[in-house]
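Because the structure is a prediction, the values reported are computed rather than measured. These numbers come from the heavy atoms of this one structure, side chains and all, not from hydrogens, waters or symmetry mates.
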Amino acid sequence: MTTMLTESQLDSQADPANAAAPAVVPQAPVKAPARKPAAPRARSRAVPEKEHKVLAQPGFVLHSYPYKETSLIIDVFSRDHGRVALVAKGAKRPHSKLRGALQTFQPLSLSWSGKSEVRTLTDAEWVGGLLPLEKSALLCGFYLNELLVKLLAREDAHPALFDHYVATLNKLAHGENAPIVLRQFERVLLRQTGVAGNWSHCVVSGKTVQADGIYVVDPEQGTRPERISDRAPKVSGKTLLDMEREDYSDPTTQLQSKFLMRYLLAHHLGGAQLNTRQILIDLMQL
């Protein structure tokens, strides 16, 4: 027997909105987990810089200038700590122990301490062993000091350069040929500070320069054959080989090495003027 559906029953089945909604079962509220109290943040504390103490360090005064009424700031060249700035407290007082010791071109035993860039000189003793520089040799000594002040970074040790500086002062004090002594020091200075390599090595051929060849020493790249457009000093291969051997007996080597070193130093000084060089040029044609 077929059951007939009324019109209202058919409409209720066709329209889902009219269908009976399923029963919703109520759920118990879920409690959020209790939060742990945040740990207090630890305050960052700056680690105090350790005081730097140096005792009985071989060194020389390169330059000094007044500081306040009774003190000096001195720029020293030490064997194991390089160039260091020190304040010499009370050094200008008449009876100060430091007053007579802090002279240029005199071997010293220096002690200092401190944490800042300018440390405090605690002791300076004259060691001796070198003749004093006089006349033109004294000007050459000031030229060496100016080069060191302007080309050496602070606290960058160069023990080999220090030893060569001592040997150079000794040569100047004994009256050796000043232009040759200065060329030798300039070359060692550039090499020890890492801005010069072996100039007798051609970077183009990868071989030793030819004595009869003409070359240019590029301050950044090294030695290469000359070009027509070059404005840098042109030097013979023989001059470069002589400089590597520290043989300046040839007058041509002396002349070419002078202009070469003047050109290279000007480049690495970045335009800074050397006050003592002009005086030396005027007096000795160095």
Side-chain angles (χ1 to χ4, degrees), residues 60 62-63 77 104-106 130-152 158 160-193 195-200 209 211 213-219 222-223 226 230-286:
F60 288 82
L62 297 177
H63 177 67
F77 182 33
T104 52
F105 316 121
Q106 294 299 314
L130 284 180
L131 294 175
L133 300 182
E134 299 177 347
K135 300 179 181 180
S136 60
L138 183 61
L139 285 175
C140 291
F142 283 120
Y143 170 68
L144 300 180
N145 285 5
E146 190 174 8
L147 282 178
L148 292 173
V149 168
K150 292 186 176 179
L151 286 176
L152 286 185
H158 294 282
L161 178 60
F162 181 89
D163 293 342
H164 196 86
Y165 175 77
V166 176
T168 300
L169 294 181
N170 193 45
K171 291 177 181 179
L172 291 172
H174 283 84
E176 293 193 23
N177 189 305
I180 293 177
V181 172
L182 295 183
R183 294 298 87 77
Q184 292 172 335
F185 181 81
E186 291 164 346
R187 175 178 163 274
V188 171
L189 173 60
L190 293 183
R191 181 166 290 185
Q192 287 294 318
T193 52
V195 298
N198 184 350
W199 294 330
S200 64
V209 297
I214 303 299
Y215 299 88
V216 163
V217 178
D218 186 297
T223 305
E226 67 165 336
D230 283 328
R231 295 184 179 182
K234 298 176 182 179
V235 295
S236 69
K238 180 182 181 302
T239 291
L240 297 173
L241 293 169
D242 286 346
M243 293 177 69
E244 190 66 25
R245 295 189 294 260
E246 296 193 348
D247 179 5
Y248 292 84
S249 57
D250 188 336
T252 301
T253 298
Q254 295 181 31
L255 183 64
Q256 290 187 350
S257 64
K258 175 178 68 175
F259 290 110
L260 173 61
M261 295 309 303
R262 188 179 299 177
Y263 166 74
L264 294 174
L265 286 171
H267 172 83
H268 292 298
L269 285 168
Q273 297 296 319
L274 289 171
N275 299 322
T276 51
R277 172 175 275 283
Q278 189 58 49
I279 299 174
L280 288 170
I281 290 174
D282 295 340
L283 291 178
M284 305 175 63
Q285 292 299 305
L286 292 179

Of all residues at least two apart in sequence or in a different chain, which pass the side chain to side chain donor-acceptor pair (under 3.5 Å) check with Asn145? Tyr165

Just to verify, what does Arg245 make a side chain to side chain donor-acceptor pair (under 3.5 Å) with, not counting sequence neighbours? Asp242

Using only atom types and a distance under 3.5 Å, with no angle test, would you say the side chain of His164 pairs donor to acceptor with the backbone of Ala160? no

With sequence neighbours excluded, residues passing side chain to side chain donor-acceptor pair (under 3.5 Å) with His63: none

Under a 3.5 Å distance rule, please check whether Gln256 uses its side chain to pair with a backbone N or O of Ser236 as donor and acceptor. yes

Sorted by chain and residue number, the side chain to side chain donor-acceptor pair (under 3.5 Å) partners of Glu244 (sequence neighbours excluded) come out as Arg187, Arg191

Could you list the residues that satisfy side-chain contact (heavy atoms from CB on, under 4.5 Å) with Gln254, not counting sequence neighbours? Ile180, Tyr248

Please name all residues satisfying salt bridge (charged side-chain N to carboxylate O under 4.0 Å, His left out) with Glu146, sequence neighbours left out, ordered by chain then number. Lys150

N/O donor-acceptor pair under 3.5 Å between Thr223 side chain and Trp199 backbone: yes

Sequence-distant partners of Asp163, salt bridge (charged side-chain N to carboxylate O under 4.0 Å, His left out), two or more places apart: Arg79

Taking ring-ring contact (aromatic ring centres under 6.0 Å, His included) as the definition, give me every residue that meets it alongside Phe142, ordered by chain and number, with sequence neighbours left out. Phe105

Closest non-hydrogen atoms of Thr239 and Thr252, given as atom of the first, atom of the second and distance, are OG1-O, 4.2 Å

The criterion is salt bridge (charged side-chain N to carboxylate O under 4.0 Å, His left out); which residues satisfy it with Asp250, sequence neighbours excluded? Lys238

